[in-house]
Enquirer: 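Below is one structure. I have some questions about it.
Just so you know, ligand 1 is whichever comes first in the structure, and atom 1 is the first atom listed for that ligand.
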Amino acid sequence: MKDQDLPLVTSETLREDISRHLKLSIGKDPNHASLYDWRMSLSLALRDRVVEPWFASTRKTYEGKHKRVYYLSMEFLIGRLIEDVTINLDVEEAAVQAMADLGQDYYKVVVDEPDAALGNGGLGRLAACFMDSLATLAIPAYGYGIRYEHGLFEQHFEGGQQTETAEGWLAQRHAWEFERPEVAYKIHFGGYVSEENGKSNWNPAETVLASAYDTPIIGWKGQWANTLRLWAAKPVKLFDLESFNRGDYVGANAPERLARTISRVLYPDDTTQDGKELRLKQEYFFTSASIKDLLRRFLAEGNKIEDLHEHVAIQLNDTHPAIAGPELVRLLIDKHDFNIDDAIEMAHKCLAYTNHTLLPEALERWPEDLFARILPRHHRIIQMIQDRHLSATGTDIRIIEHGNVKMGELAFIMAHKVNGVSALHSELVKETVFADLHKAYPNRILNQTNGITPRRWLYSCNPALRNLITETIGSGWEADLENLQDLNAHLDDAGFLQAYAAAKTTNKVRLAKWLKDRNGVTLDTSAMFDIQIKRIHEYKRQHLNILETIALWNDIRDNPTANWTPRVKIFGGKAAPGYVLAKSIIRLINDVAATINNDPVTRHLLQVVYPENYNVSMAEVLIPASDLSEQISTAGKEASGTGNMKLSLNGSPTIGTLDGANVEIREHVGHENFFLFGLTAAQAQEKRGDHGYSRRAIEASPKLSRVLGQIGAGVFSNGDHHRYSDILHNLYEHDYFLVSCDFDEYFAKQREVDAVYQDVNHWTRTAAANTAGMGWFSSDRTIRSYADHIWDAKSVT
Ligand SMILES: CCc1ccc([C@H](C)CC(=O)N[C@@H]2O[C@H](CO)[C@@H](O)[C@H](O)[C@H]2O)cc1
């Protein structure tokens with residue numbers, strides 16, 4: 001696309017815009033302006049520069065009658081937006097200078113922006129990376145989600161234990177959104193269905209309004225912008241004056257309170273279905289509003305409803321929006337006179353579904369009675385969808401079974417394409433969760449290995465490395481990441497390796513300062529920064545990591561003068577509030593940290609750090625500073641992982657299992673640049689068959705049984721023998737995630753890592769080879785593949 005000539009942004013013009021907004025939009029004079037005021041003024045000045053390409057993108061899509069992609073997701077883990085917009089508009093220098101000319105520090109203003117934490121983890125962040133790539137590739141698209149008043153909770157540690165407080169990103173004005181009060185839809189719940197002259201009529205019991213808030217998502221070089229439309233729940237009737245006049249002030253406010261509950265807070269579970277009625281209402285609320293909105297847009301452009309699938313591709317981000325199928329069928333029948341078969345066929349052609357997990361407890365199943373009570377019309381439609389599927393396939397694979405509505409089966413049957421998120425995961429989806437459906441529909445499942453946006457996860461968060469890359473291979477890699485393989489030609493260039501190591505040191509020093517200022521912790525920046533950052537979950541095995549740490553501590557104490565490689569073990573991650581064992585793992589890590597960090601014998605060789613409230617912005621400081629990336633999940637459990645990609649791209653080799661996208665990362669960076677250990681998915685499955693494997697494995701490992709003995713003896717809990725009985729019992733009796741079986745190999749592999757790290761040249765070459773090999777893991781490649789193999793959507797050139 002010809003560079004549409006954006007009005008040149010200079011530090012002068014930007015400074016003028018910022019001053020104008022401070023005065024006229026924020027109503028403050030510079031002498032009395034707060035950090036918030038300056039941040040708002042800068043954000044509004046930058047946002048002004050996004051509006052024109054945004055309008056132009058919408059206009060071109062409309063004029064060209066281009067197909068649109070609709071990405072439906074309960075989560076968008078966006079983080080901060082100032083840097084994203086500054087980077088994509090390519091005005092960072094001008095912004096830094098403009099703020100300096102106004103006596104302000106651009107980077108201080110940037111970190112004042114609260115994260116938009118509208119997601120739990122991988123699934124939500126993937127959606128955010130995808131929005132950046134869709135805009136960068138100029139593929140017309142809308143992201144649809146919920147404008148939660150409270151995103152993912154804030155994590156605090158009290159006595160090493162996680163506590164949660166409500167997050168408040170909307171406590172202050174959110175600079176990047178445009179309220180769209182005119183875009184509002186009635187969303188119905190409950191009630192009953194009546195049949196009148198052959199037509200079904202839904203008589204709902206409850207109705208709320210879904211009101212739109214739009215955030216423009218600008219792509220690289222500011223050429224194209226798409227829309228993230230988030231729905232907020234509002235009462236149909238604002239205020240119940242009669243109740244108020246009767247003195248029932250609480251009642252008067254009920255409509256508002258009730259309605260707002262629907263978009264009040266993000267459910268903090270990322271692996272276990274909560275099964276709460278409110279969660280089902282949230283899923284239907286945003287899905288119904290989104291389907292109604294895309295149909296209105298389609299028809300407003302004068303299109304014929306029969307051509308819907310030519311112009312609309314709907315992607316379901318896991319099963320959370322799976323009700324989209326029955327909802328589209330309902331509207332096609334009730335509002336557009338489709339018969340049930342044509343309606344199902346049309347929906348089928350529009351819908352595709354991505355599965356992000358194999359964990360049985362994460363597969364959504366709604367109690368049929370609850371489902372039928374909240375969505376009586378959809379319950380009926382699902383029965384009709386099921387009947388047609390059963391007769392078409394001659395199978396007995398049901399959507400409604402044992403009193404549950406299985407959303408995975410519904411999504412699979414309604415979708416024309418179903419994908420997993422890594423090569424291994426997509427195979428396991430065919431062999432396990434959807435084995436029977438795969439047999440019935442053999443060409444429906446395909447793989448789309450995840451990706452990450454290199455704009456946020458390299459260009460923006462790692463200026464030291466980005467500058468070196470551009471100096472070495474020129475620019476262009478930002479939007480064509482496979483160019484990074486040109487770095488391979490420099491891996492034996494001592495000067496390049498030196499500069500590469502210097503960039504890593506710059507980032508480690510920055511992290512050390514950040515942790516010093518925030519937590520008063522002093523880090524030894526020559527030590528290996530060994531990082532595990534992700535949600536806390538047994539399958540991700542943070543407990544395997546801390547058990548290995550204790551075993552290392554033991555060995556150092558047994559032999560303090562040996563040639564040890566100094567290490568800093570850094571953890572980051574939240575546990576779902578109701579996940580007791582995960583919270584116990586957090587407490588153990590903090591207890592072990594307290595013991596090891598105060599051990600005079602070892603503290604110059606081993607340190608454990610666990611900064612609270614891990615989020616997107618913290619990841620942007622931790623990842624560039626990482627030396628070793630911990631991707632140690634039980635093989636067959638991590639669908640893909642995306643943190644693994646971010647760390648490897650930023651020169652942090654992986655110690656990991658053959659799980660999720662680790663498998664493909666190892667292929668792309670070279671086996672010699674990946675520290676592999678552990679059982680494969682098949683071996684893990686087989687191991688579970690041999691009873692008592694964990695107790696035997698523990699007894700066979702002197703290191704592991706010593707460590708578990710210490711924990712049981714209360715060494716890390718002031719002599720309290722019972723504090724970790726849940727973890728110990730789990731490991732001895734169940735250990736479903738095979739910590740005991742992978743321990744010794746993991747420990748030995750870590751010692752190998754120690755040796756390589758001591759050889760600075762070898763280590764730096766390994767780190768640089770990771771960066772060079774990660775180009776394929778750009779979310780631009782992933783989105784191009786979705787567009788070609790699922791959506792049949794084109795970039796608007
Ligand atoms: C119903 C509660 C719930 C909420 C969220 C989820 C998500 C699917 C969990 C999730 O984030 N999965 C992660 O998705 C990433 C993006 O594809 C993958 O990289 C991770 O491996 C996967 O765990 C499951 C269940």
Enquirer: Would you say that Ile262 contacts Leu278 through its side chain, given a criterion of any heavy-atom pair below 4.5 Å between the two side chains?
Expert: yes
Enquirer: State whether the shortest distance between N or O atoms of Gly641 and N or O atoms of ligand 1 falls below 3.5 angstrom.
Expert: yes
Enquirer: Can you list every ring-ring contact (aromatic ring centres under 6.0 Å, His included) pair that touches residues 405-424, not counting sequence neighbours?
Expert: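 Residue pairs passing ring-ring contact (aromatic ring centres under 6.0 Å, His included), neighbours aside: Phe412-Phe434.
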Enquirer: Verify the distance criterion only: is there a donor paired with an acceptor across the side chains of Tyr579 and Glu538 at less than 3.5 Å?
Expert: yes
Enquirer: Please confirm whether the ring centroid of His734 lies under 6.0 Å from the ring centroid of Tyr736.
Expert: no
Enquirer: Check this for me - ligand 1, Glu75, N or O atoms closer than 3.5 angstrom, yes or no?
Expert: no
Enquirer: Quick check on contacts: which atoms of ligand 1 are under 4.0 angstrom from a heavy atom of Asp269?
Expert: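 Every atom of ligand 1 under 4.0 Å from some heavy atom of Asp269: 2 (C), 3 (C), 4 (C).
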Enquirer: So if I apply the side-chain hydrogen bond (donor to acceptor under 3.5 Å, both in side chains) rule between Glu620 and each of Arg456, Arg80, Lys646, which one comes out positive?
Expert: Arg456
Enquirer: Got an N/O contact under 3.5 Å between Asp318 and ligand 1?
Expert: no
Enquirer: Please name all residues satisfying ring-ring contact (aromatic ring centres under 6.0 Å, His included) with Tyr71, sequence neighbours left out, ordered by chain then number.
Expert: Phe130
Enquirer: Is the closest N or O pair between Glu638 and ligand 1 shorter than 3.5 Å?
Expert: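 Yes, since at least one N or O of Glu638 sits under 3.5 Å from an N or O of ligand 1.
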Enquirer: Out of all atoms in ligand 1, which are within 4.0 Å of some heavy atom of Asn450? Include the element for each.
Expert: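 With Asn450 as reference, the close atoms of ligand 1 come out as 16 (C), 17 (O), 18 (C), 19 (O).
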Enquirer: Based purely on interatomic distance, does Val421 place a nitrogen or oxygen under 3.5 Å from a nitrogen or oxygen of ligand 1?
Expert: no
Enquirer: Taking distance alone, with no angle check, do Asp270 and ligand 1 share an N/O pair under 3.5 Å?
Expert: no
Enquirer: Considering both backbone and side-chain atoms of Leu123, is one of its nitrogen or oxygen atoms within less than 3.5 Å of a nitrogen or oxygen in ligand 1?
Expert: yes
Enquirer: Is ligand 1 less than 4.0 angstrom away from at least one heavy atom of Arg535?
Expert: no
